[in-house]
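Accompanying notes for the structure given below.
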Amino acid sequence: MSYGKMIALERLGVDASEIIEELTEYVSSIGYKRQDNLESQKRAWKKEIEFLAEALLDSGIDGSVPVVFEYMLPNENTERPDVLLLCEDKVISLEFKTSGNIVDMDYAMQYIGYKDYFENYHQYDIEKEMQVESYLVMSDAIQAEIVIESDVKRKYSEEHLNAIIAKDQFGVVVNSLRNERPMINVEGWLDSKRARSLKVWETASVIREALKNGDDDSLSRISGIKYKYLRKTDECIADIIENTTGKRIIFVSGVPGAGKTLIGMLTLFRNQSAHRGTRYYTGNGALINVLRSKLNTRDISFLTGFRNENIIGRKRCTDKVLIFDEAQRFWSAEQAAENWKGNTNPVSDAEGIINVDYEGDVTLVALIGDGQRPMKGEAGIDAWIEALKSDESWQIHVTKEYGERFETEFGNRVKTYTELFLDTSMRAEFIDTAPFVEAVLKADLDMARSEYVKIKDKSKILLTRDFGSMYSEDINKKSVLRKLKEHEEKFGREYLFGVLCSAKADDRKIDTYLAGRLNGKKKYQKNDLAGQWYSGECCNEESIRVATETFCQGLEIDLPILLFGGDYYLEDKGGKLCWCIEDNCQTRRLPADERETIMQDTYRILMTRTTKNMFFYIPRNPKLDKTFEFMKAVGIEVWKKK
């Protein structure tokens, strides 16, 4: 249950000490305020009450608007906005800084984080489509005196920064409350549950049903992922398809976890609803298995089928919209020649797709995951640029991030759009973990430490060298993971944990690292069993199947246990920490000129699969000592079994 002390706005005019006494009694009764900081908290309450009384009373605002102090966010332990104002159609969150004029990252993360929470994870607000506003109130300063630290300015948008208001600008809040009706069902709001985060296949199912029934509005009510983060991209693609003719190719890219696969699903189901022949293709067998099994559809297909039928078989393609997911992973001509030795004229997948015999107007949507090519022979965006040189009839629509490269080659054949880049990671509850991951992959300790500070309160990583600290040594006893799963599922949400590991790690060591519980001779799970793994088999503690980078790409689980298998590790080279690649039978197969990039991409994928928290399991192998020491120096907490 969630808590909050509610008073009517009109009561702010009474003696502040009366309200403070009620708040003191309230926080003492539920036990989440320490006695040693209660006096400083009372002083803060007094300033907040007096400030609000002066600003809001006699302003024409309805005096029965509920004012909530110390509301604890559902399932978020100690996360508490200072003050909430509850209206029938709007929630206003106020985070106070009652002294000083400097805005640092901690304050910025608080008020912005509360807005994200109420918009995306508060069940009542989602179902009622509540408008949410969140402000940082500098109650002891005037606007001209406010100093915003440079890292805050770099990280956040102008919209976020405009929500930092001093006492002389608090009128924006007053104006926002004018003509608003007080919330009636306050108890229902206070007792709201945390919305269950939807995984990619669950969201895809909602998308399919909504578009099948012509109910676009229901997309905005998807729990745990607000459609607004995808709307502009979705509408941009739809506009190109509706209002252009001929042969068109659209490139969509974004940060890991931003929703590229969901854009593919939106495009697939939207155009099927419009009775256009539409297919979704990917080379990711695990993703296909999960989506097919969860969505019960055959319109999600292997790229291999398209390659055999339309590229090698030269059959005319009559579909009007074709979506190619993970298009950066499609084969180069050299890899095609190696994999298809019977093909006398191998070309790259990109060139083959561009030169297929299409019937009439056609739109290709290529979803590109930059920095996510974990296998040899995956050609990337460059192969598409080369392929488009072979046919000048294609109209090219790209994100501005690619604009210069494409415009240099193709001139006015190219149109650029900001909407085709997805810049918000939704997988980890809208927390942008990408800067932290990049700093780790560069072995930049200072940067990794700085970036981890920004995310650790929202997306916590725990570090361990002992498998038994997570999985119970006695399989008849509940492990900490099992207890956590049972706790989370009390709130009505499926909770998945499981082991991830690079496919390049030495097979012979993995079973030892997993205390002999590896299922079968191979460490990894098979693609055709992905639906089972992501339906709960991943949580099997007695017989563990490991997910590799290709198995989990495009998908996610709640708590990954990332096993560092020794194929990529940190070592001191002449006083500088560098990532090194183990020389084993798996890594020797990688081309020398691609090896470093492939290993980086592998671990980039593995480190971005979580919906919130994760374990880094670094076994007690002396070769991995530097890796462990680096992660510990970053500030990642070493897990100690309680």
Side-chain angles (χ1 to χ4, degrees), residues 233 236-253 260 263-264 267 271 276-283 303 306-337 340 343-370 373 377-421:
T233 307
C236 180
I237 294 170
D239 182 65
I240 293 169
I241 293 172
E242 291 283 352
N243 297 307
T244 61
T245 57
K247 295 195 293 187
R248 299 145 292 183
I249 183 165
I250 304 169
F251 290 94
V252 179
S253 65
K260 293 182 288 295
I263 283 294
T267 305
N271 284 283
R276 293 187 186 92
T278 309
R279 295 293 291 271
Y280 169 103
Y281 291 99
T282 178
L303 178 64
F306 185 85
R307 188 185 288 126
N308 285 339
E309 189 167 311
N310 301 108
I311 299 176
I312 297 174
R314 299 183 181 277
K315 184 177 178 181
R316 168 171 277 203
C317 179
T318 58
D319 288 324
K320 296 304 176 186
V321 179
L322 298 96
I323 303 120
F324 296 101
D325 200 356
E326 297 179 10
Q328 80 283 356
R329 295 192 57 197
F330 291 3
W331 291 343
S332 64
E334 293 76 15
Q335 192 64 41
W340 296 85
N343 181 10
T344 57
N345 186 29
V347 296
S348 72
D349 284 337
E351 184 177 349
I353 291 167
I354 290 299
N355 291 315
V356 161
D357 180 14
Y358 296 102
E359 183 179 86
D361 294 349
V362 66
T363 303
L364 311 183
V365 180
L367 307 174
I368 305 288
D370 290 319
R373 291 188 285 158
E378 296 175 342
I381 191 71
D382 291 337
W384 289 96
I385 293 174
E386 286 301 311
L388 285 163
K389 293 177 183 178
S390 65
D391 187 341
E392 295 183 0
S393 64
W394 286 93
Q395 303 165 35
I396 304 167
H397 304 267
V398 301
T399 170
K400 284 190 179 295
E401 280 71 14
Y402 294 153
E404 186 175 345
R405 295 174 67 186
F406 276 86
E407 286 169 347
T408 299
E409 296 289 349
F410 305 112
N412 59 12
R413 287 172 59 193
V414 178
K415 290 187 178 180
T416 62
Y417 308 78
T418 56
E419 296 88 346
L420 295 179
F421 183 78

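All residue numbers in this chain count up from 1 along the given sequence. Excluded from the calculations below are hydrogen atoms, water molecules and symmetry mates; all remaining heavy atoms, backbone and side chain alike, are included.
In this structure, Ser390 contributes its side chain and Ala387 its backbone to a donor-acceptor pair below 3.5 Å. A donor-acceptor pair is defined here as one N or O able to donate and one able to accept, closer than 3.5 Å; no such pair exists between the side chain of Glu409 and the backbone of Glu386. Side-chain atoms of Ser332 never come within 3.5 Å of backbone atoms of Ser348 as a donor-acceptor pair (strictly under, hydrogens ignored). A side-chain donor-acceptor contact under 3.5 Å links Asp391 to the backbone of Ser393. Side chain of Asp361 to main chain of Gly246: a donor-acceptor pair is present (N/O by atom type, distance under 3.5 Å, no hydrogens or angles).
Using the six-membered ring where Trp is involved, Phe306 and Tyr358 have ring planes that are parallel, under 30° apart on the 30 and 60° scheme. A perpendicular orientation is assigned to the rings of Phe324 and Phe330, their planes being inclined by more than 60° (bins at 30° and 60°).
Pairing each heavy atom of Ala336 with each of Trp331, the nearest pair is CA-CE3, 3.9 Å. What you find for Arg248 and Ile240 is that their closest heavy atoms are NH1-O, 3.7 Å. Nearest approach of Lys260 to Leu367, heavy atoms of both residues: O-CD1, 3.2 Å. Across every non-hydrogen atom of Leu364 and Ile354, the tightest pair is CD1-CD1, 4.3 Å. The two residues Thr278 and Thr267 come nearest to each other via the heavy atoms CG2-O, 4.2 Å. Pairing each heavy atom of Asn310 with each of Val356, the nearest pair is O-CG2, 3.6 Å.
Considering CD1 of Ile249 and NE2 of His397, their distance stands at 10.0 Å, rounded to 0.5 Å. Atom CD1 of Ile396 and atom CD of Glu407 lie 10.5 Å apart (nearest 0.5 Å). Separation of atoms NZ (Lys320) and CZ (Arg276) is listed at 10.5 Å; rounding is to 0.5 Å. To the nearest 0.5 angstrom, Ile323 atom CD1 is 8.5 Å from Ile237 atom CD1. Here the straight-line distance linking atom NZ of Lys400 with atom OG1 of Thr416 works out to 3.5 Å at 0.5 Å rounding. Note that CH2 of Trp384 is 10.5 Å distant from CD of Gln328, once rounded to the nearest 0.5 Å.
Other residues, nucleotides and ligands contribute over 12 non-hydrogen atoms within 6.0 Å of the CD atom of Glu359. Enclosure of atom NZ in Lys389 by more than 12 non-hydrogen atoms of other residues, nucleotides or ligands within 6.0 angstrom is indicated.
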Please determine whether side chain to side chain contact (heavy atoms under 4.5 Å, CB included) holds for the pair Ile241 and Asn271, giving the CA-CA distance in whole Å, both sets of side-chain angles, and the decisive distance to 0.1 Å. CA-CA 9 Å; Ile241 293 172; Asn271 284 283; 3.8 Å; yes
Take Tyr402 and Phe421 through the ring pair (Phe, Tyr, Trp, His ring centres under 6.0 Å) test and state the conclusion after the steps. CA-CA 10 Å; Tyr402 294 153; Phe421 183 78; 8.3 Å; no
Show the numbers, then the answer: is there a salt bridge (charged side-chain N to carboxylate O under 4.0 Å, His left out) between Lys247 and Glu392? CA-CA 10 Å; Lys247 295 195 293 187; Glu392 295 183 0; over 6 Å; no
Determine, stepwise, if the pair Asp349 / Arg307 fulfils salt bridge (charged side-chain N to carboxylate O under 4.0 Å, His left out). CA-CA 8 Å; Asp349 284 337; Arg307 188 185 288 126; 2.8 Å; yes
Determine, step by step, whether Cys317 and Leu322 satisfy the side chain to side chain contact (heavy atoms under 4.5 Å, CB included) criterion, reporting the C-alpha distance in whole Å, the side-chain angles of both residues, the deciding distance to 0.1 Å, and the verdict. CA-CA 10 Å; Cys317 179; Leu322 298 96; 3.9 Å; yes
Go through Cys236 and Leu420 one step at a time and tell me if the side chain to side chain contact (heavy atoms under 4.5 Å, CB included) criterion holds. CA-CA 7 Å; Cys236 180; Leu420 295 179; 3.9 Å; yes
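Asp325 and Tyr281 share no side-chain donor-acceptor pair at under 3.5 Å.
At a threshold of 4.0 Å, the pair Arg314-Asp357 does not count as salt-bridged, since none of the basic side-chain nitrogens sits closer than that to a carboxylate oxygen. Ion pair Arg316/Glu309 not flagged as a salt bridge, since none of the NZ, NE, NH1 or NH2 atoms sits closer than 4.0 Å to an Asp/Glu carboxylate oxygen.
Contact of the Val252 side chain with the Ile368 side chain is not registered, since no non-hydrogen atoms from C-beta on lie closer than 4.5 Å.
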